[in-house]
Structures are given as C-alpha cells and as structure tokens.
Q: 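Below is a structure I'd like to ask you about.
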Amino acid sequence: MNAMTICYATTSTALGTALVSRSPRGLCAILLGDDEAALRLELGSVFPGAVARQDGSGLRAVLDELRAFLISPATGFHHPLDLAGTPFQRQVWQALLDIPAGSTATYTDIAARIGRPDAVRAVAGACAANR
C-alpha cells in the first residue's frame, strides 16, 4: 500500500506563519501558527503516515492568494479542496464555505442550515476538526 504524498509550503501572513498543504485531490490543510517547525510537526500529526514534500514553487500561487485573502476576504480563495472527513463533517464544512465574506454564523446557525438543529455540539466538533 502506498503512502499518501502531500506537498506543503509556508509563508508569512498578516496572521503569522501559514503552512499550506495539497494532496493530489486539492488543498487538504491550511495551518496557522507562530513557528514553522511546529506547523510541520502539526502537519505530520494531521496526516500520520503521509509523505510530506516541501514544494514552495509549486504552491506559490496558492500562497499568494492566501496572503491576499487574509488581508481582504472579499477577494475570495479559489482552489480545489480535499475535504477528507465524515459525511457529517463535509456537510458542515460545505455550509461554512457558503457563508459570504464578512458575514458570521453561529454553530446554531450552521446546525439549522444543514437541517440538524439539535446537532450544535457536533457542528462545533466538525468546525474544530476542519484543517
């Protein structure tokens, strides 16, 4: 069985250091922190067994767009995503993607949007698991 290969790159942003990771299907993680080495360790814990390869030049366009997006969310962020999670998590994450830039939504709002108004705590858990 072959290990999944993911590419990653880091950059400085308005929010600190960002690590972006891409699988063959799309972006699979955007991690924010203060320390590049700690972000690489976190990437390894999120994707245990994966082969992580640094690819700054291959992810340059993604990094540029991420920096612009963090400064002005209305610009959008348009890269395919690899949303690896349970069907419920993917449903929550899609609802998050549908929130317009500059708007907010509570866990209760998201639970109602996905037709599961009693699943507020599960929505919170899915949000926490979103890399």
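Everything numeric here is computed off the predicted structure, so don't read it as measured data. In what follows, every heavy atom counts, from backbone to side chain, and hydrogens, waters and symmetry copies are set aside.
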Q: Checking Gln89 side chain against Thr86 main chain: does a donor-acceptor pair fall under 3.5 Å?
A: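 Here the side-chain-to-backbone pair exists.
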
Q: Between Leu39 and Leu43, is there a shared hydrophobic cluster once you connect ILVMFWY residues whose side-chain heavy atoms come closer than 4.5 Å?
A: yes

Q: Does any donor atom in the side chain of Glu36 or Thr17 lie under 3.5 Å from an acceptor atom in the other side chain?
A: no

Q: With a 3.5 Å cut-off and sequence neighbours excluded, list the donor-acceptor pairs that the side chains of residues 95-114 form with protein atoms.
A:
residue: Asp98; atom: OD1; partner: Gln94; partner atom: NE2; Å: 3.1
residue: Thr106; atom: OG1; partner: Thr108; partner atom: N; Å: 3.3
residue: Thr106; atom: OG1; partner: Asp109; partner atom: N; Å: 3.0
residue: Thr106; atom: OG1; partner: Asp109; partner atom: OD1; Å: 3.4
residue: Thr106; atom: OG1; partner: Asp109; partner atom: OD2; Å: 3.2
residue: Asp109; atom: OD2; partner: Thr106; partner atom: N; Å: 2.9

Q: Rounded to the nearest 0.5 Å, how far apart are SG of Cys28 and CZ of Arg131?
A: 11.5 Å

Q: In Å, rounded to the nearest 0.5 Å, how long is the span from CG of Leu59 to SG of Cys7?
A: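 Leu59 CG to Cys7 SG: 6.5 Å, rounded to 0.5 Å.
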
Q: Between side-chain atoms of residues 70-85 and protein atoms elsewhere (two or more places apart, or another chain), which donor-acceptor pairs fall under 3.5 Å?
A:
residue: Thr75; atom: OG1; partner: Ser72; partner atom: O; Å: 2.8
residue: His79; atom: NE2; partner: Glu65; partner atom: OE1; Å: 3.0
residue: Asp82; atom: OD1; partner: Arg25; partner atom: NE; Å: 3.2
residue: Asp82; atom: OD1; partner: Arg25; partner atom: NH2; Å: 3.0
residue: Asp82; atom: OD2; partner: Ser23; partner atom: OG; Å: 2.5
residue: Asp82; atom: OD2; partner: Arg25; partner atom: NE; Å: 3.4
residue: Asp82; atom: OD2; partner: Arg25; partner atom: NH2; Å: 3.2

Q: Could you work out, with side chain to side chain contact (heavy atoms under 4.5 Å, CB included) as the rule, every residue matching Ala37, not counting sequence neighbours?
A: Asp35, Arg40

Q: Please check if Ile6 and Leu31 belong to a single hydrophobic cluster, counting links between Ile, Leu, Val, Met, Phe, Trp and Tyr side chain heavy atoms closer than 4.5 Å.
A: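 Linked, Ile6 and Leu31 end up in one cluster.
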
Q: Quick one: pull up OG1 in Thr10 and CD in Gln54 and give me the separation to the nearest 0.5 Å.
A: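 Interatomic distance, Thr10 OG1 to Gln54 CD, rounded to 0.5 Å: 6.0 Å.
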
Q: Are the side chains of Val92 and Cys127 in contact, using a 4.5 Å heavy-atom criterion?
A: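 In short, these two side chains touch, coming nearer than 4.5 Å.
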
Q: So if you build clusters from Ile, Leu, Val, Met, Phe, Trp, Tyr with side-chain heavy-atom gaps below 4.5 Å, do Leu63 and Leu15 land together?
A: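 They do share one cluster, since a chain of ILVMFWY contacts under 4.5 Å joins Leu63 to Leu15.
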
Q: Shared ILVMFWY cluster between Ile30 and Val62, side chains joined below 4.5 angstrom?
A: yes

Q: Return yes when atom CZ of Arg67 has more than 12 non-hydrogen atoms of other residues, nucleotides or ligands closer than 6.0 Å, and no otherwise.
A: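 Correct, the count exceeds 12.
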
Q: State yes or no: do Leu32 and Phe47 share one hydrophobic cluster built from I, L, V, M, F, W and Y residues joined by side-chain heavy-atom distances below 4.5 Å, directly or via other members?
A: no

Q: Would you kindly say whether Arg53 and Thr5 are connected by a side-chain donor-acceptor distance under 3.5 Å?
A: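 Short answer, no.
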
